[in-house]
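First up is the structure itself, then whatever we jot down about it.
The first residue of the sequence shown is numbered 1, and numbering continues consecutively from there. Atoms considered below: every heavy atom in the structure, side chains included; atoms not considered: hydrogens, waters and symmetry mates.
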Amino acid sequence: MNSNFAFDIAPILTRLRAQLDGRWVIDTSAALDAAYEGASGATPAAYVVPVAETAAPHAGGAGYLVQSTAIAFGVVICVRNYRAANLGSDALNDLVPARRAVADALINWMPPGSELVIDHQAGRLEKYTAGNVWWQDIYRTRTRNEARS
């Protein structure tokens with residue numbers, strides 16, 4: 001059996017930690033709520049968030065399953081700049097190179113267990129608070145599940 005059911009984000013975290021410089025905080029969605037509340041003040045930060053898994057109809061015969069699953073995951077990026085805390089313009093300017101650094105680390109890379117390289121799907125502003133800009137980029141890949149009974 002070769003099952004990639006339940007996409008593992010650990011290789012994404014490992015890749016970001018290896019590709020981004022040491023001043024980045026790299027964590028999972030489990031730490032995101034505390035970060036939103038200000039418990040973790042370090043920036044720049046990137047939080048890897050599972051978004052969706054969409055399985056195609058399965059193929060195969062009796063006792064054999066082949067199924068492709070589209071994977072979407074987000075990377076929530078936080079940057080801070082107090083030079084224009086009331087306006088946010090400097091923090092937005094800091095967001096551009098941060099987004100590029102994450103994209104450069106992920107786009108066109110194939111995580112273990114995937115059958116497609118990662119590409120970018122969408123991005124959106126999550127929130128802005130007191131000089132912190134939170135942006136989420138959505139990336140996607142695909143896995144292939146095979147199982148015999």
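- Summarising the geometry of Gly74 relative to Gln136, their closest heavy-atom pair is CA-OE1, 3.4 Å, with the distance given to 0.1 Å.
- Here the side chain of Ser114 pairs no donor or acceptor atom with the backbone of Met110 at under 3.5 angstrom.
- No donor-acceptor pair closer than 3.5 Å links the side chain of Glu126 to the backbone N or O of Val76.
- The line from CG of Asn145 to CD of Glu53 is 8.5 Å long, rounded to the nearest 0.5 Å.
- Taking each heavy atom of Leu106 and Ile118 in turn, the nearest pair found is O-CB, 3.4 Å.
- The shortest heavy-atom contact between Arg80 and Ala42 is NH2-N, 4.5 Å.
- Between Ser68 and Glu115, the shortest heavy-atom distance links the atoms OG-OE2, 3.4 Å.
- Within the model, atoms CZ of Arg142 and CG of Asp119 stand 10.5 Å from one another, a figure rounded to the nearest 0.5 Å.
- Minimum heavy-atom separation, Trp109 to Ala105: CB-O, 4.2 Å.
- Atom CD1 in Ile71 sits 11.5 Å away from atom CD in Gln121 (nearest 0.5 Å).
- With hydrogens and angles ignored, the 3.5 Å screen pairs a side-chain donor or acceptor of Gln67 with a backbone N or O of Ala56.
- Formation of a donor-acceptor pair under 3.5 Å by the Thr141 side chain with backbone atoms of Leu116 is found in this model.
- Both Leu16 and Ile9 belong to a common hydrophobic cluster when Ile, Leu, Val, Met, Phe, Trp and Tyr are linked at side-chain heavy-atom distances under 4.5 angstrom.
- By the 4.5 Å heavy-atom criterion applied to side chains, Thr43 and Val25 are not counted as neighbours.
- A distance-only check finds a donor-acceptor pair linking the side chain of Arg17 to the backbone of Ile26 [under 3.5 Å].
- Ring geometry for Trp134 against Tyr36 counts as perpendicular: the plane angle is over 60°, on a 0 to 90° scale with 30° as the lower cut.
- Nearest approach of Asp137 to Gly123, heavy atoms of both residues: OD1-CA, 3.6 Å.
- Thr28 places a side-chain N or O within donor-acceptor distance of the main-chain N or O of Ala30, the cut-off being under 3.5 Å.
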